[in-house]
Amino acid sequence: MLEKLSSGLKEALRKITGAGYIDKNVLEDLAKDIQKALLAGDVGVKLASSLTERIKDRALNEKPPSGMTPKEHVIKIVYEELVKLVGKKSEVSLKPGKIMFIGLYGSGKTTSIGKIARFYQKKGLKPALIGCDIHRPAAMDQLAQLANQINVPYYAPKEIKNLIEIAKRGLEQFKKYDIIIFDASGRSSLDEDLAKELKNLGEFVKPDEVLLTIPAELGQAAGQQAEGFKKLVGITGIFLTKMDGTARGGGAITSCAVTGAPIKFIGTGEKLDAIEVFDPERFVSRLIGFGDLQSLLEKAKEIDFKPEAAEKIVSGKFTINEFYEQIKSLEKMGPMKSVLDMIPGLPMKIPKGFDISKEEGKMKKWSYIIQSMTKEEKEDPTLIDANRIKRISKGSGTSEAEVRDMLKYYDQMKKMMKMFSGGMKRGVFSKFAKKFKGF
Ligand code: GDP
Ligand code: MG
């Protein structure tokens, strides 16, 4: 799927990771490479050039978040802009409801209905199919065949030529089912008759979803078709079919995204399990071979990791004051822990019970303990012996064990921060990136 686009983007990003530093020339080259890749993937010229302009603009003007190198920042920008290019994320509802499928002849409507019925079946919902393609008797047979294949009940009468009548009887019959899917009638082109028919059916059925099937091989023309159906009939989403075996999928996806109608599913083969929920982030990650790097970068962003603090820690200075700063933002330790877990080569085991963010009482006590320490003690906690512990415990109204507990925690955190900042300095992120395909 989208091999050309994918390999072009990967190559462009590989160049960036290999570049000595990021400057205007490197960014110009990157923009050119990305543009070439997009055009090879059938993305429209206008979309491609406005995308690369935005990438350049952001890369030149935005400051990398703390803990992120300029290179990583550029990669992140490319990723984010590509995600925007392929569309908004939309929820696939798992609640019972009615779905109406519309689309031109041969667009993959009936096949996709089979796929989606299977999809819901696997989620534990009971689907039922209603055939409303009154113009082609063969279409009713096709639906019946499909339904039998997946053991789903169907209502597809060939003798009734009134859409509303079919819908009415079908709904009556399938009252106990969760997902009622309508195979609405098709045509070879969207004309007024078809629009009227679909509108009538829609007004009667009041579907929760109106999904338009569009074959990806249409390329950029997919967007126009989506726009046409959107205007004349109204749709809630797109089921982009036949993404396998076409080089024009990039054009189809991006031109559909422009219409604002979200792509909800993609079809990737003739078989009934060849269906994917379309998630822009996951889609782009796969396209550029990012793997988990994106979630890693996201998490790095969440950590409030100040470079100055890192300096201090690297030079061995992690006093109680820094410690206090850190524990004040303990809610951030969750993501931080998972970041550490994700970085291979960081010789780090997070001690058990380290995440105390939920123990609010403890935090409060620790702040009393710290307030009872002298300035020297805070600067150099190794000074704190048994006598001092006794004094601090009395002064803060806590037990000696609690003071010890906090000091132990401080020690552990100091070790961890040292390794973490060391990892940051050695550029663990970029090493990590290389592990992934395409880097
Ligand atoms: P309809 O006329 O809109 O109901 O379309 P059909 O469901 O009958 O599909 C038309 C043709 O497209 C059939 O040969 C399907 O097997 C094929 N088709 C549908 N979806 C896909 C897909 O995702 N990938 C591939 N390769 N073929 C598909
Ligand atoms: Mg059909």
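Read the numbers this way: they start at 1 and go in the same order the structure lists the ligands and their atoms.
Residue-level contacts of ligand 1 at the 4.0 Å heavy-atom threshold are Leu104, Tyr105, Gly106, Ser107, Gly108, Lys109, Thr110, Thr111, Lys115, Arg136, Gln142, Lys242, Asp244, Gly267, Thr268, Gly269, Glu270.
In summary, the side chains of Ser255 and Gln220 do not present any donor paired with an acceptor at a separation below 3.5 Å, with no hydrogens or angles considered.
Ion pair Asp33/Lys15 flagged as a salt bridge, since at least one NZ, NE, NH1 or NH2 atom sits closer than 4.0 Å to an Asp/Glu carboxylate oxygen. In summary, Arg169 and Glu165 engage in a salt bridge, as defined by a charged side-chain N under 4.0 Å from a carboxylate O. Of the charged side-chain nitrogens involved, at least one lies within less than 4.0 Å of a carboxylate oxygen, so that Glu80 and Lys76 count as a salt-bridged pair.
For the atom pair CD1 (Ile134) and CG (Leu201), the distance works out to 9.0 Å, reported to the nearest 0.5 Å. Rounded to the nearest 0.5 angstrom, Thr241 OG1 and Ile275 CD1 are separated by 11.5 Å.
At least one side-chain heavy atom of Phe182 sits less than 4.5 Å from a side-chain heavy atom of Leu171. A heavy-atom distance below 4.5 Å is not found between the side chains of Phe278 and Met243.
Taking a cut-off of 2.8 Å, the protein N, O or S atoms nearer than that to the Mg ion (ligand 2) are Thr110 OG1.
Phe265 and Phe119 have perpendicular rings, their planes meeting at more than 60° on a 0 to 90° scale where under 30° would count as parallel.
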